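FYI, side chains are in, hydrogens and waters are out, and symmetry mates aren't considered; it's all heavy atoms of this structure. Every value quoted in this text rests on a predicted model; they were computed, and no experiment measured them. Chain naming here is simple, since letters A, B, ... match the order of the sequence lines and numbering starts at 1 in each.
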2 protein chains.
Amino acid sequence: MTALPNRDRRAERREATRREILDAAWVIARRDGINAVTLREVGELVGMRAPSLYSHFASKNAIYDAMFAESWREVQRTFDEREVWPAAPREALLAQAEVWFDFATADLARHQLMNQRALPDFEPSAEAYAESVANYERLSTSMHEMGVRKQADLDLWTALLAGAVNQQLANDLYGKRWRRQLPRLVDMFCDEVGIPGPPLRRTK
Amino acid sequence: MTALPNRDRRAERREATRREILDAAWVIARRDGINAVTLREVGELVGMRAPSLYSHFASKNAIYDAMFAESWREVQRTFDEREVWPAAPREALLAQAEVWFDFATADLARHQLMNQRALPDFEPSAEAYAESVANYERLSTSMHEMGVRKQADLDLWTALLAGAVNQQLANDLYGKRWRRQLPRLVDMFCDEVGIPGPPLRRTK
DNA sequence: GTCTATATTCTGATAGAC
DNA sequence: GTCTATCAGAATATAGAC
């Protein structure tokens, strides 16, 4: 009985190539927009001809699908990586808002893929979409623990965050005009839904 | 001295054709997305071959440019058409918010053209962009009259509106989940920036 | 002002040799 | 798994006849 090696070098290599392909797609997306990714250029960046990509992804949309899924996993990871959150509820909410805001505004192409329907012929697969749902559930649970239990209150919170992100990306791509509003938005939200605690300092 | 006719029938006809072309482009955009407009299909809908469109528009982007400009003119017109606005400031703000919200959510393709960068190779001309600036100035003036004078306060207001619109379009396209939040958002805003008046009824 | 014909270029995807 | 060759089709835009 010969023991198999406990590392599958072939699978590792294969996974590394998929990684390279996705990285190349991200480079193009960040440079020219999420729409501008073409198989030819992805291939060029990884040193392959376009048809060879089909050995690793079933289609172009399969590449987008993997990008979509990994973006949402990255959100989760970004939240999980931070071990300490403020104890005071308003400070905690602000910290969460800032993490989400910074993530969303750090990469316009990613944001368009995740949150806007920028790709006419792309719809995430069920598996990829599940990553996004998982993130919403993390948010929902976290808010529930803070006492936000009504759907309408959660909707209010997502609207406040989406609005700040959206305005920042649309009107002040490299600035901080709407990021500065986050403490204010958190206070307004907390006052509205009855989360106690001393108000955060505000930017008036 | 022969009098010229006081109607230029040729110019009228020409303008009517431009109008038909734009209408056809809107039909396609609403059906398949703003990206999906092609000159072939626009031509088909107006009973022309694609190259003939070049007699009326210099390029495909010139069509998008006209669509962008007329969208913003339509916003202006929608606000101008309404003669009576509530006297109470909070009611007035709510009415304005609803008008904007309803306009923005009525047509996803139009919203993507106006407010998101859904078309990689399109940038509005200076003339078209001026229509959007004019709208912001109308908003700014109107808010100023209500006592909202700080840029940060105006930014707050645009973030609240953008957030509600964005969430509605992204997560509840045919519903009213975020439209119902408008009275609440108005009250929160007024409390925050010091606009007096009795609170609106809220949806909690 | 509309047409035909065409240039030019690009796209995602497949077949089959190696 | 990667290649070459190619398909099949789409796109915007231009030239020039009528």
Quiz: residues 92-105 of chain A side-chain donor-acceptor pairs under 3.5 angstrom, not counting sequence neighbours:
| unit_1 | atom_1 | unit_2 | atom_2 | d |
| --- | --- | --- | --- | --- |
| A/Gln96 | OE1 | A/Ser142 | OG | 3.3 |
| A/Gln96 | NE2 | A/Ser142 | OG | 3.3 |
| A/Asp102 | OD1 | A/Arg179 | NE | 2.7 |
| A/Asp102 | OD1 | A/Arg179 | NH2 | 3.4 |
| A/Asp102 | OD2 | A/Arg179 | NH2 | 2.7 |
| A/Thr105 | OG1 | A/Phe101 | O | 2.8 |

Work out which heavy atom in A/Ala159 is nearest to a heavy atom in B/Ala164; give both atom names and the distance.
CB-N, 4.2 Å
Axial cation check for A/Trp178 ring with A/Arg180, 6.0 Å and 45° limits:
no
Between CZ of A/Arg49 and P of C/dT11 the distance, given in whole Å, is 15 Å
Separation of C/dG12 P from A/Ile28 CD1 (nearest whole Å)
10 Å
Could you give the CD1-to-P distance, from A/Ile63 to C/dT11, as a whole number of Å?
13 Å
What are the two closest heavy atoms between B/Leu200 and B/Asp187, and how far apart are they?
N-OD2, 2.9 Å
Under 4.0 Å from OP1 or OP2 of D/dC3: is there any side-chain N or O of A/Ser52 that close?
yes
CG of A/Leu53 versus P of C/dT14: gap in Å, rounded?
13 Å
Is a side-chain donor or acceptor of A/Asp172 paired with a backbone partner of A/Arg177 at a separation under 3.5 angstrom?
yes
Does B/Arg19 form a salt bridge (Lys or Arg N to Asp or Glu O under 4.0 Å) with B/Asp23? I'd like the steps, not just the answer.
CA-CA 6 Å; B/Arg19 182 68 263 149; B/Asp23 287 342; 2.9 Å; yes
What is the distance from CZ of A/Arg13 to P of D/dG1, rounded to the nearest Å?
10 Å
To the nearest Å, give me how far apart CE (B/Met48) and C1' (C/dC3) are.
11 Å
Rounded to the nearest angstrom, tell me the gap between atom CD in B/Glu44 and atom P in C/dC3.
12 Å
Would you kindly give the CZ-to-C1' distance between B/Arg14 and C/dT2, to the nearest whole Å?
13 Å
Quick tally for nucleotides 11-18 of chain D: nucleotides whose base has a protein heavy atom under 4.0 Å get B, sugar-phosphate-only ones S, the rest -, giving BBBB----
